[in-house]
Each structure stands twice: as structure tokens, then as C-alpha cells.
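The residues of the chain are indexed from 1 along the displayed sequence. Both counts, for ligands and for their atoms, begin at 1 and track the order of listing.
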Amino acid sequence: MSKFFLAIIGGGPAGYTAAEKASKAGKDVILFEQNAVGGTCLNVGCIPTKSLLYGAKQYYNAAHAQKYGVSAENVSFDFAAMQKRKTIVVRKLVAGIKQRLNNEHCTLVSGAAAVVSRTDEVVTISCNGENYEAENLMICTGSTNFVPPIPGIKENEHVWDSTDALAANELPQSIIIVGGGVIGMEFATLYHELGVPVTVIEAMPTILPNLDQEVVAVLLEKYKKAGINILTSTKVESIDGGKVTANGEVYEADKILVSVGRRANLQGLEALNDIELNRGAIVIDDFCKTNLPNVYACGDVTGKIMLAHVAARQAEVAIGRMLKQIPLQRIAYNAIPSVVYTNPEIASVGITEAQAAELNIEPEVRRLPMTFSGRFMAENEGETGLCKMIIDAKTKMVLGVHMIGNPCSEFVSAASFAVRMGYTTAEFEQVVFPHPTVSEILHEIL
Ligand code: NAD
């Protein structure tokens, strides 16, 4: 049996990034994936939702084009066709990843892998009845939808998780979304734009509770005005068929989408009984090393920040450490951008005003409506948007940027750069933004 330098379990953004990087460096790598490479993000997450959301946005914009002096009559859509296009986009991207791994001579094994045993010298993994040995193991097994212990939620054909929703070829007649987090609000956007009546039930006093609440308030106002029924501080007590009882009231819909978070997937790792866990996720150091000398973990399974781009960066850092590359790199968790694909989009990076208070930082908070950008005015009729910057009042360093307004997802990386490099406002001011673009808001606010 030949021994690999690295065995990776899970071929999502963490796993395939690590496989490509280590293979490129000339190492023998074996990657195990039980479904399709690309993981949740590519197959049942980011990419399929964005494909469908784009279709919905095209329809919605056409149907509401009058505000730009355009009249379009009898605008319609074909949801099955949108789904078909989504499937093609995903298939092409999956094929692209396979090709890249192939080009780097990485061994790809299709099947559910499980760790059999581990010493500091060798990890043995079984898959499809065969054993494989490697010097190092990287766990990139991702996460699965969390099913809360709500009576009536299991074996109920009205209840969907996000994977069910993405697979359906027909739109629901109406939908209740349990959980007003990122997944919940993106699906609320999709269904609302395609004309499905939407109710969002969120247990916390606000939707998207981890985001800047002034930014969220702009979205809430728009969505409530548009007719999305958003119930906050409302706890689901039970589900019976299509009926949801929450705070003593009964709500009914064709489908109930449950999106109340995800949990690390530890299946197949039972033999690693001495690996350190914290609240069901694998504990890692700054280089994505676990407490076991030759075992690394990256992505959702670490429970750090469940975002594909964090997973990919963790993988780069972990491989750098494994190959003893100098200088060793760490991940700047303080400068991770995140986007919520509502309409308008929300994009942010760095600390919020609320977090500044928790960290005992005296913040200088600047706010500017997006309408200060000429391009925004030209293309976003009836919207105001908001850009908010959190600055350290003492050092004048840019610590956070929070925005709502299209297409802020496309330029939040400029703000990430400023936060990552520790720019002061005076330094950031020297960066020239092209005119006319909405990105100029980052200059205007300085
Ligand atoms: P989340 O943690 O973002 O939101 C879950 C929401 O459900 C929270 O607001 C929580 O208060 C609420 N909740 C929990 N229990 C509840 C209950 N019993 N009744 C009502 N509300 C309840 O989780 P998610 O939306 O499921 O997303 C999972 C992960 O996937 C997140 O880490 C998210 O960042 C990631 N994701 C990212 C993107 C993106 O980057 N655009 C898109 C989708 C998912």
C-alpha cells in the first residue's frame, strides 16, 4: 500500500483548495468525497441559490421596469427552466474543479471515507472497502442542516430544508420560513420576487441578528412594505402538517422551510476519539491544526465562520503550515467579508458598532446614504441604501464597514483590504475609486 503525504476527507471549498495547493507543491494527495466535489457551497448552497436568485431578480426587475421608463407587458417566468439553468451552472463548475484536481494529479476517490486508526506517523482511512494510508489528515467534512427539536418537524412532507427547496421543480403556493438568518432571508427574497407569499418567523428580536442593525433596518422596512410578513421574537412551538404554532398563534402555508443554522459534520471520524471538540466542532489553532499532531481541520467542521471563502483561506494557511512555508501565514478573522444576497444586497466586513462596545473600543461611526454615489442614483430608483463605517476614534483605523445597496457585494473587498491592512482613514483616502461606480461611496464616507 503506497502512503500518501496528505489525505483529505471532504471535497468542498476547504478540501479542494487544500488538495490543489498541496498537489501543486508536488505532494501525493488523496481526496475523498461522498457526493460531488464542490461541497455544499457549489452543489446545494451558494452557487445554486445565486443562480436562482439571479433569475428571480431578472423577472422582478422586468416586472418593475416602469420606474426606469420601460414598460414590459406579460412578463412571466418558468421556474423549471430556472432550475435547469442552475443545474447546468453547477455541473460545469463541478467539472471544472474535477479537471483542476486531475491536472494536478490528485487522487480523487468517490465514496464515504472513515478514519480507521491514527498514530503520529500514519493515518489509515477506509473507503469503499479499501484502506489508504497518509502521513497527514485534513478534515474538511463541512456541516449539515440543523433540525431543531420542534414537535412535528420530522417526517413531515410540508417541511423543507434548504437542499429540498433548491431541488424542487415547482414553487410552493406559499411558504413559512423558520429562522430569519442568512439562508432564511435569501430564500425569502427568492420566493417573494417570484410572487410566493412569504412569512418569516425569527426567534430573536431581529432578523439577521449578527449584522449591523441599522443596515438590517433598511432591509426590514423595504421587505415589510413589499408585503413579506416578518415576525420577530416569535418562537415556533410545534408543526402539524403545513400549520406552524408560534407564540400561541397558528400560521399555515404550503411549505415550511427550516433554516435555523448548521452543525459540524463529524461522521466517519469516530476513531479519532481523542480529537478536541468545542460545542460539537473541531478545535483548531491559528494554522488550522487540531490537538493531534498530524491532523488538520478546515471549513464549517471547525465551527469558526461558516463561509466558503473562510474555508478556502483556512485550507491555504493549513497547507502552508504543513509544508513549513516561511513566513507562516495566519488568517485575519477580523477582516472576513460577508454578503447576504437579499435585494438590496448587504455586505460587511470587520466589527459592528455593537461589537466595538463589547471590545471596549471607542468608535467613531460615520454614515452615508448610498445616494451620495451618482451611479447608485442612476441605477437604484427609489432606494436609499446605507454605508456605515466604524473607525477607532483614537488611532483612526478603519475597523468595520457595513453596507446595504446594490451591488455592494462587488466592492466590499476594497473595504476588506483596508481593514486587513490596518489602514487609517487618511491612508484609505489615498485609494482612487473609478467614477462613476457605487464603490465611490467608500471614498465619499472618508
Ligand atoms: P444563521 O445562523 O445565519 O441563522 C439562523 C437563524 O435562525 C438565526 O437568526 C436564529 O436566531 C434563528 N433561529 C434559531 N432557532 C430558531 C427557532 N427555533 N425559531 C425561529 N428562529 C430560530 O443560519 P442559517 O441561515 O441556517 O445559515 C447557516 C450558515 O450558512 C450560516 O453560517 C451562514 O452564514 C451560512 N450561509 C452563508 C451565506 C452567504 O454567505 N451569503 C448564505 C447562506 C448560508
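- Partner of Ile346 under the side-chain contact (heavy atoms from CB on, under 4.5 Å) criterion, out of Val339, Val182, Leu208, Val412: Leu208 alone.
- Counting only heavy atoms of the protein, atom 7 (O) of ligand 1 lies nearest to Gly179 CA, 3.4 Å.
- Put simply, no part of Pro148 is less than 4.0 Å from ligand 1, judged by heavy atoms.
- Among all non-hydrogen protein atoms, the one lying nearest atom 22 (C) of ligand 1 is Val260 CG1, 3.6 Å.
- From the protein, the heavy atom lying nearest to atom 2 (O) of ligand 1 is Gly261 CA, 4.3 Å.
- Taking a cut-off of under 4.0 Å to the non-hydrogen atoms of Pro209, the atoms of ligand 1 that pass are 9 (O).
- Atom CD1 of Ile305 and atom CG of Asn210 lie 10.5 Å apart (nearest 0.5 Å).
- Here the protein heavy atom with the shortest distance to atom 18 (N) of ligand 1 is Ile150 CD1, 4.2 Å.
- Under a 4.0 Å criterion applied to the non-hydrogen atoms of Met204, ligand 1 contributes the atoms 11 (O).
- Scanning the protein for heavy atoms near atom 4 (O) of ligand 1, the closest one is Gly181 CA, 3.2 Å.
- Against a heavy-atom cut-off of under 4.0 Å, Ile201 is close to the following atoms of ligand 1: 20 (C), 21 (N).
- Looking only at distances, no side-chain donor or acceptor of Asn380 sits under 3.5 Å from a matching main-chain atom of Glu383.
- In summary, the atoms of ligand 1 found under 4.0 Å from a heavy atom of Met306, numbered by their order in the structure, are 32 (O), 34 (O), 35 (C).
- Checking only distances, Thr234 never comes within under 3.5 Å of ligand 1, N or O to N or O.
- Summary of contacts: the protein heavy atom closest to atom 38 (C) of ligand 1 is Val182 CG1, 3.3 Å.
- Near Leu307, the atoms of ligand 1 lying under 4.0 angstrom from a non-hydrogen atom of the residue are 34 (O), 37 (C), 40 (O).
- Under the 3.5 Å distance criterion, the side-chain polar atoms of Asp286 are left unmatched by any main-chain donor or acceptor of Ile331.
- The aromatic rings of His192 and Tyr223 are tilted relative to each other, their planes meeting at an angle between 30° and 60°.
- Although no hydrogens or angles enter the test, the distance criterion places no donor-acceptor pair under 3.5 Å between the side chain of Asn278 and the main chain of Ala281.
- Interface of Val178 with ligand 1, defined as ligand atoms under 4.0 Å from a residue heavy atom, comprises 19 (N), 20 (C).
- Between Phe433 and Phe428, the ring planes are perpendicular. Angles over 60° get that label, and only those under 30° would be called parallel.
- Residue Val339 has at least one heavy-atom neighbour below 4.0 Å for each of these atoms of ligand 1: 39 (C), 40 (O), 41 (N).
- The nearest heavy-atom contact from the protein to atom 25 (O) of ligand 1 is Ile183 N, 2.9 Å.
- Scanning the protein for heavy atoms near atom 21 (N) of ligand 1, the closest one is Ala203 N, 3.1 Å.
- Between the Thr234 side chain and the Thr232 main chain, a donor and an acceptor come within less than 3.5 Å of each other.
- Put simply, the side chain of Asp300 never gets that close to the backbone of Ala264: no donor and acceptor are under 3.5 Å apart.
- Considering Val178, Ile239, Ile176, Val244 as possible partners of Val159, the one that fulfils the side-chain contact (heavy atoms from CB on, under 4.5 Å) test is Ile239.
- Counting only distance, with no hydrogens or angles, the side chain of Glu364 and the backbone of Ile391 share no donor-acceptor pair below 3.5 Å.
- For a threshold of 3.5 Å applied to N or O pairs, the pair formed by Val340 and ligand 1 contains no separation below that value.
- Heavy atoms only, all atoms of each residue included: Ile319 and Lys21 are closest at CG2-CG, 4.0 Å.
- Near Tyr341, the atoms of ligand 1 lying under 4.0 angstrom from a non-hydrogen atom of the residue are 41 (N).
- Of the listed options Glu345, Glu202, Arg262, Glu202 places a heavy atom closest to atom 8 (C) of ligand 1.
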